[in-house]
Amino acid sequence: MSKKLTSRADDYSKWYNELVVKADLAENSAVRGCMVIKPYGYAIWEKMQAELDKMFKETGHQNAYFPLFVPKSLFEAEEKNAEGFAKECAIVTHYRLQNDPDKPGKLRVDPEAKLEEELIVRPTSEAIIWNTFKGWVQSYRDLPLLINQWANVVRWEMRTRLFLRTAEFLWQEGHTAHETKAEAIAETQQMNQVYATFVENFMAIPVIQGVKTESERFAGAEDTYCIEALMQDGKALQAGTSHFLGQNFAKAFDVKFANKEGKQDYVWATSWGVSTRLMGALIMTHSDDNGLVLPPSLAPNQVVIVPIYKSDEQLEAITKVVNSIMSDLRGKGITVKFDNRTTYRPGAKFAQHELQGVPLRIAIGARDLENETVELARRDTLTKKTVELSNLTEIVEGLMTEIQESLYNKALDFRNSHIAEVDTFDEFKTVLETKTGFISAHWDGTPETEDKIKELTKATIRCIPLDSKDEDGVCVYSGNPSKRRVLFAKAY
């Protein structure tokens, strides 16, 4: 297979799909709409998972695991949540197969093995978790209950794309119970901030924090906080959400506690999650026509060393030096790989590691040994320079920080240059057609106007930014009074 990618300018969607496959991140599986995450892609997800898990635990959360299957009666208990996910549910109706008497060698569902109650394959876990919480909470002394699980979920999507939208995907989902409304709201805001910190500091992606409009909220939530990022094609991507659930699920599942006055009260709830969709965000924020570009903090291999030699003796001499380099770099916490495969030429190795986004490549040959130098190649800028071996560890350590910051600043500059403030609907449509990106515009606060703008332009309200200020104006579509601007965009 050719490693050359379709240009982003020619076909952004095709470029993305090719990159995911050719960089060995994931591929489509035999199950419609599902993906196989390959080792290199999963290694990136593991680094995301490890950092997020650490951040969750630092904020007092514990991991648990809940069943994949949800009895239909439990799923229906919180009405808004059930209605919100009903069209995406996969359902288990039978528990056994048998030989098909009419088709030798084939199997069929055993009609005698019908379940007494159908099981929903979880699209989200609120129902099964809140049914469980009922037995865990009796008193205010049991609160707060701060639980997270790493899991897979199934949402039967019709149109799928690797990482961005698949019928099955990996994620984490936090579920918490609190004594007071104020505590639950504080938890919701805290976890949205955790997501923003992770995405900005580790993924090098700038985000805008905000709250969703009523029509865009999570089904069953009273408020949804979110982080919104902007991809290179000018479309927004919702990178994470945190939901204040009020007492809706507590009432649906009868989760009560004895408060400090000895009276029974319902707990206050939150849920929050991010998924392997973050992989799509990572790809579409930083990568280029040559392949993947990874920030050092999430790269499986931050440095790759490629030997250039003509004989076994030269390779042996280079290997001794490389072993010393790797020891020094690993001592600084830098992940490094020595690509000493004999089945590929150096040029092929360079192309592979460039395609897979390794932040820094070191080439070392016989002449470098004589000069006590190596060649450094940066993936983000595609620039090369020769440096002395004696300073290599310090230089590489500094470049890890420099590359991480450079990627963030480049993405921030792009995002900031693609926020357009408009006051008329003609301006609104012109920006969508020519510049794309976020559009800051007044909205009259009605779902009717929100729906009409979406119908006419395919742009949705991504969020009401947390840092937005009161500002008298008129709605960009209806002309009715408005108190603040919101952010619109076309989105994934």
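This one's a predicted model, so the numbers in the text were calculated from it and none came from an experiment.
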(Q) Distance check, rounded to the nearest 0.5 Å: Asp289 atom CG versus Leu19 atom CG? (A) 10.0 Å
Q) So, do Phe202 and Thr197 sit near enough that their side-chain heavy atoms are less than 4.5 Å apart? A) no
**Q.** Charged N-O contact under 4.0 Å between Asp265 and Lys256
**A.** no
Q: Could you check if a side-chain atom of Ile283 sits within less than 4.5 angstrom of a side-chain atom of Leu292, using non-hydrogen atoms only?
A: yes
Q) Mind checking whether Phe163 and Leu282 have side chains closer than 4.5 Å, heavy atoms only? A) no
Q.
Between Glu173 and Gln149 (side chain of the first, backbone of the second, donor and acceptor by atom type, cut-off under 3.5 Å), is there such a pair?
A. no
Q. Would a 4.5 Å heavy-atom cut-off, applied to side chains only, mark Ile205 and His286 as touching?
A. yes
Q: Determine the minimum heavy-atom distance between Tyr266 and Gln247, stating which atoms define it.
A: O-NE2, 2.9 Å
Q: Not counting sequence neighbours, which residues clear salt bridge (charged side-chain N to carboxylate O under 4.0 Å, His left out) with Glu228? List them please.
A: Lys212, Arg462
Q) Between Arg378 and Leu399, what is the shortest heavy-atom contact and its length? A) NH1-CD2, 3.8 Å
Q) Between the side chains of Ser242 and Thr188, does any donor sit under 3.5 Å from an acceptor? A) no
Q) Is the Phe253 ring parallel, tilted or perpendicular to the Phe249 ring (thresholds 30°, 60°)? A) parallel
Q. Just wondering, are more than 12 heavy atoms of other shown residues or ligands nearer than 6.0 Å to CD in Glu214?
A. no
Q) Thinking salt bridges, do Arg379 and Asp288 make one under a 4.0 Å N-O criterion? A) yes
**Q.** Main-chain N/O of Ala23 paired to Gln356 side chain as donor or acceptor, under 3.5 Å
**A.** yes
(Q) Assess, by modelled atom type and distance only, whether the side chains of Glu117 and Ser73 contain a donor and an acceptor separated by less than 3.5 Å. (A) yes
Q. Any side-chain donor-acceptor pair under 3.5 Å between Glu187 and Gln190?
A. yes
Q: Over 60° means perpendicular and under 30° means parallel, so classify the ring planes of Trp268 and Phe244, tilted if in between.
A: parallel
Q | Working for side chain to side chain contact (heavy atoms under 4.5 Å, CB included), residues Glu126 and Glu78 | A | CA-CA 9 Å; Glu126 276 78 4; Glu78 209 295 319; over 6 Å; no
Q) Is there a donor-acceptor pair under 3.5 Å between the side chain of Glu402 and the backbone N or O of Gly398? A) no
Q. How many angstroms lie between CD in Glu471 and CZ in Arg484, if you round to the nearest 0.5 Å?
A. 10.5 Å
Q: Applying salt bridge (charged side-chain N to carboxylate O under 4.0 Å, His left out), name anything that partners Arg96, two or more places apart in sequence or on another chain.
A: Asp110
**Q.** Residues Lys72, Glu76: salt bridge by 4.0 Å N-O rule
**A.** yes
Q.
Quick one, Trp272 with Asn192, criterion side chain to side chain contact (heavy atoms under 4.5 Å, CB included). Give me CA distance, side-chain angles, the key distance, then yes/no.
A. CA-CA 8 Å; Trp272 29 273; Asn192 202 61; over 6 Å; no
Q | Cation over ring face, Lys235 and Tyr492, 6.0 Å, 45° | A | yes
**Q.** Value rounded to 0.5 Å, distance of CG in Asp24 from OH in Tyr40
**A.** 9.5 Å
Q. Side chain of Asp142, backbone of Ser139: donor and acceptor closer than 3.5 Å?
A. yes
(Q) Do Glu222 and Asn248 have side chains that approach each other closer than 4.5 Å (heavy atoms only, starting at C-beta)? (A) yes
Q) Checking side chain to side chain contact (heavy atoms under 4.5 Å, CB included) for the pair Trp15/Gln232: CA distance, chi angles, key distance, verdict? A) CA-CA 12 Å; Trp15 164 83; Gln232 294 172 354; 4.3 Å; yes
Q. Should we say atom CH2 of Trp156 is surrounded by more than 12 heavy atoms from elsewhere, each under 6.0 Å from it?
A. no
Q | Donor-acceptor under 3.5 Å (Arg217 side chain, His243 main chain) | A | no
**Q.** Any donor-acceptor pair under 3.5 Å from Arg155 side chain to Lys87 backbone
**A.** no
Q.
Would you say Arg8 and Ser287 are linked by a side-chain donor-acceptor pair, where the criterion is simply a distance under 3.5 Å?
A. no
Q | Centroid-centroid distance, Tyr477 to Phe425, less than 6.0 Å | A | yes
Q: Before accepting this row, confirm whether a basic side-chain N of the pair Glu455/Lys452 lies closer than 4.0 Å to the acidic partner's carboxylate O.
A: yes
Q.
Are Glu118 and Thr93 packed together at the side-chain level, in the sense that at least one heavy-atom pair is separated by less than 4.5 angstrom?
A. yes
Q. Could you go step by step and tell me if Phe169 and Arg277 meet the side chain to side chain contact (heavy atoms under 4.5 Å, CB included) rule?
A. CA-CA 8 Å; Phe169 55 90; Arg277 168 175 268 228; over 6 Å; no
Q: Please determine, by modelled atom types, if Glu450 and Thr213 share a side-chain donor-acceptor pair under 3.5 angstrom.
A: yes
Q: Identify the heavy atoms of Cys463 and Val486 that sit nearest to each other, and give their distance.
A: O-CB, 3.8 Å
Q: Specify the closest pair of heavy atoms between Lys332 and Glu397, including all atoms of both residues, with the distance to one decimal.
A: CD-OE2, 3.7 Å
Q | Short side-chain to backbone donor-acceptor contact, Thr166 and Cys34, under 3.5 Å | A | no
**Q.** Exercise: do His175 and Ser271 side chains pair donor with acceptor under 3.5 Å
**A.** no
Q: Please say which of Leu145, Val267, Thr176 ends up in a side chain to side chain contact (heavy atoms under 4.5 Å, CB included) with Phe133.
A: Leu145
Q) Counting only heavy atoms not in Lys337, do more than 12 fall under 6.0 Å of its NZ? A) yes
Q: Answer yes or no: is there a donor N or O on one side and an acceptor on the other, between the side chain of Ser275 and the main chain of Trp171, under 3.5 Å?
A: no
Q) Roughly how far apart are Gln404 CD and Met400 CE, rounded to 0.5 Å? A) 9.5 Å
(Q) When you compare the side chain of Val274 with that of Phe198, does any pair of heavy atoms fall below 4.5 Å? (A) no
(Q) I'd like to know if the side chain of Ser440 and the backbone of Arg485 have a donor-acceptor N/O pair within less than 3.5 Å. (A) no
Q. Going by distance alone, is a donor N or O of one side chain under 3.5 Å from an acceptor N or O of the other, for Thr424 and Asp426?
A. no
Q) Can any side-chain N or O of Lys47 pair as donor or acceptor with the backbone N or O of Ala299 at less than 3.5 Å? A) yes
Q. Can you tell if the side chain of Tyr195 reaches within under 4.5 Å of the side chain of Gln209, non-hydrogen atoms only?
A. no
Q: Check Phe257 against Val137 and note the closest heavy-atom contact, atom names and distance.
A: CB-CG1, 3.8 Å
Q. Could you give the distance from CG (Asp53) to CD (Glu46), rounded to the nearest 0.5 Å?
A. 12.0 Å
Q. Do the rings of Phe66 and Trp136 sit parallel, tilted or perpendicular, given the 30° and 60° boundaries?
A. tilted
Q. Is Lys181 atom NZ crowded by more than 12 heavy atoms from other residues, nucleotides or ligands, each under 6.0 Å away?
A. no
Q) CG of Asn148 to OG1 of Thr59: how many Å apart, nearest 0.5 Å? A) 9.0 Å
Q | Asp254 to Lys134 - nearest heavy-atom pair and separation | A | O-CG, 3.8 Å
